[in-house]
Amino acid sequence: MLRKLSLWAASALIAFTSLHFELQESPGDQLIGVWEPSNGRSRIKIDKIGAKYYGRVVWLIEPNDPETNLPKTDKNNPNAALKNVPLKGYRMLKDFVYQTDGTWSEGTIYDPLNGSTYNCIIKMKDKNTLDIRGYIGVQALGRTDVWKRLATAPAKK
Amino acid sequence: MMRRGIWALALASSIGGTLWAQSDTSSSAEDDFSQYDNLGFVDAGAKRFCSPKIEGLSPAKLISLGYDYQGAYNLSAGTLFNASGAELAAAEEARVNATQGLRVGFNIPVISKTNLVWQMGANYWNTQYQYATLPTAASNPLHQTLSEHGMRTTGINTTVFKPLDRKNFLLFQGSADLSGTYGIEFMPAQYLRYSAALIYGRRPTEKKQWGLGLARTYRVGEINYIPVVLYNSTDALNKWGAEVLFPARAHVRRTINPRNMIFAGYELEGQSYRLWRDPASGVDLRNEDLEIRRGEARFRMVYEFSLKDFIWLSVQAGYRFQYRFDVDRLVDGVEIYRAFGLLRDDAYAQTNGLGNPLYFNVSLNLVSP
């Protein structure tokens with residue numbers, strides 16, 4: 001009888017613990033939202049999948065390829081198999097993990113303009129501003145872009 | 001009772017699994033991308049600024065390791081006069097089989113923000129002259145010092161890009177160089193030579209930027225203040241473009257793809273080199289306060305391509321046209337500013353002539369994100 005009660009209690013504890021951890025928002029979740037890079041040519045929606053953060057292209061100022069007049073694809077990707085993948089919906093930020101120092105790192109950023117993937121670290125300057133630094137190997141060899149958070153409701157004109 | 005426990009465990013796993021799935025904040029409903037069309041900044045005070053680059057521009061080089069080679073030509077060293085006009089050394093022509101050397105450059109972004117981009121760099125160029133017949137102590141000192149020491153330039157540079165709004169920007173470029181026919185260990189800071197340019201520009205579209213400004217430059221062979229024109233553009237199909245900072249350089253760009261580019265155009269190179277010669281081996285020039293005013297145009301084709309990821313190879317070949325290689329004398333330690341002969345018309349201490357060979361340059365580059 002005691003063994004059965006213990007099993008029941010353990011099960012309930014697992015359920016409660018899971019519920020507790022999942023309902024408590026991680027500080028890393030501040031990253032979730034829609035962001036605009038400094039050039040204003042695209043908008044990126046950052047989501048959390050599992051314990052990692054990913055960002056995909058949800059808007060392009062120039063959605064169609066001027067050469068074909070069809071929706072832009074990832075035609076500069078060095079991998080021929082990916083050249084026909086639509087840019088809208090493309091996951092250009094991958095695998096970011098929130099760190100105890102308040103940054104998101106261990107991820108990569110992809111530049112569709114040249115088909116290159118860079119190491120990347122994200123710092124939140126304030127709740128509506130991100131420093132996105134793409135770099136090659138070491139952070140000194142890189143460039144920082146500033147992204148601004150967009151309101152998810154339509155803006156007043 | 002045991003069954004109830006298993007049910008509880010299953011329920012717990014189920015709740016956990018459901019919540020785990022809910023931590024994927026993306027959803028297929030977001031494939032309706034029209035919901036992102038009319039969004040504004042959360043921060044009402046946020047402003048958009050133009051970026052320093054345009055679409056399709058060739059990538060900036062963070063690190064560059066290059067080798068430059070000029071073919072054979074005749075170097076006609078003129079008579080060298082001292083400050084009072086007396087002859088120090090007679091004119092003499094010599095054959096230079098090759099002029100070659102290492103060219104290394106670094107450019108590191110220091111600040112890269114939406115409203116300010118600041119970059120610092122350093123460069124080192126070594127140019128060695130290989131004479132067909134080695135000059136002797138009796139030779140014209142220009143030949144002997146070039147043969148023995150070659151010419152070197154070591155410098156630092158900075159670029160500041162300040163966007164004013166979405167269309168307008170200011171661009172400042174500055175450099176300080178120590179150049180001479182000897183090593184950096186003999187170059188006191190008083191011989192630093194400064195160049196700078198300030199440009200006001202506009203970026204009307206993502207594929208075009210232009211600007212007008214003023215430069216203090218040695219590219220035309222001696223110190224000058226000249227107007228400069230910036231013009232960068234890329235056509236609608238990203239096939240053709242122009243990269244111009246006139247008069248320093250101008251190139252037409254053909255983009256095969258973003259990792260393969262061909263350029264045709266020219267670049268002006270120029271610097272002022274402190275002239276020195278070992279007093280033990282000929283005429284003592286230590287007290288003559290002389291500098292070589294080098295100015296040349298390089299008409300060329302350049303092919304730049306990605307070897308692997310961010311490592312690019314640049315290969316260029318063309319014709320080197322020397323329009324000045326004269327030796328000038330400082331007056332009380334100060335350079336003569338002639339303004340193309342409009343302000344002053346002082347004679348050079350030595351007027352030299354160089355043949356114009358073919359040249360090539362190859363460099364390995366780490367390019368910027």
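In what follows, chains carry the letters A, B, and so on, assigned in the order in which the sequence lines appear, proteins first and then strands, with residues in each chain numbered from 1.
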Least distance between heavy atoms, [X] atom then [Y] atom:
X        : Y        : answer
B/Ala236 : A/Pro66  : O-CG, 3.3 Å
A/Ile136 : B/Phe310 : CG2-CD1, 3.4 Å
B/Glu206 : A/Asn39  : OE2-O, 3.7 Å

So for [X], is it side chain, backbone, both, or neither that comes closer than 4.5 Å to the heavy atoms of chain A?
X        : result
B/Asn238 : neither
B/Gln119 : neither
B/Ile111 : neither
B/Asp43  : both

Euclidean distance, [Y] [atom2] relative to [X] [atom1], rounded to 0.5 Å:
X        : Y        : atom1 : atom2 : value
A/Trp59  : B/Leu39  : CH2   : CG    : 9.0 Å
A/Arg143 : B/Ser51  : CZ    : OG    : 7.5 Å
B/Phe41  : A/Asn128 : CZ    : CG    : 10.5 Å
A/Lys148 : B/Thr114 : NZ    : OG1   : 7.0 Å
A/Ser38  : B/Lys47  : OG    : NZ    : 14.5 Å
A/Leu60  : B/Tyr36  : CG    : OH    : 13.0 Å

Please answer whether the main-chain N or O of [Y] pairs with a side-chain N or O of [X] as donor and acceptor at a distance below 3.5 Å.
X        : Y        : value
B/Arg259 : A/Asn114 : yes
A/Arg43  : B/Asp37  : yes
A/Arg149 : B/Val42  : no

Checklist line | Neighbour count >12 (heavy atoms, 6.0 Å) for atom NZ, A/Lys94 | finding: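 No, NZ of A/Lys94 has 12 or fewer neighbouring heavy atoms, counting only those of other groups under 6.0 Å.
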
Item checked: A/Lys123, NZ: over 12 other non-hydrogen atoms inside 6.0 angstrom -> no

Next item on the list: Would you indicate whether the side-chain heavy atoms of B/Ile63 and A/Leu141 approach each other to under 4.5 Å?
Entry: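 The answer is yes; the side chains approach within 4.5 Å.
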
Next item on the list: Report yes if some heavy atom in the side chain of A/Thr144 is under 4.5 Å from a heavy atom in the side chain of B/Pro109; otherwise report no.
Entry: no

Margin query: Quick one, B/Asn115 with A/Val146, criterion side chain to side chain contact (heavy atoms under 4.5 Å, CB included). Give me CA distance, side-chain angles, the key distance, then yes/no.
Written below: CA-CA 9 Å; B/Asn115 61 353; A/Val146 179; over 6 Å; no

Notebook entry, point to check: Which one of B/Arg166, B/Lys239, B/Lys113, B/Glu55 has the most heavy-atom pairs closer than 4.5 Å to chain A?
Noted result: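 The answer is B/Glu55.
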
Chain B interface, residue from [options] that has the most non-hydrogen pairs under 4.5 Å:
options                               : value
A/Ile61, A/Leu113, A/Asp145, A/Asp126 : A/Leu113
A/Gly134, A/Pro63, A/Ser116           : A/Ser116
A/Arg41, A/Lys88, A/Glu67             : A/Arg41

Under 4.5 Å from any heavy atom of chain B, what part of [X] do you find: side chain, backbone, both or neither?
X        : answer
A/Tyr135 : backbone
A/Lys125 : side chain
A/Thr129 : neither

Next item on the list: Classify the side-chain pair A/Arg133/B/Ser112 by whether it contains a donor and acceptor separated by less than 3.5 Å.
Entry: no

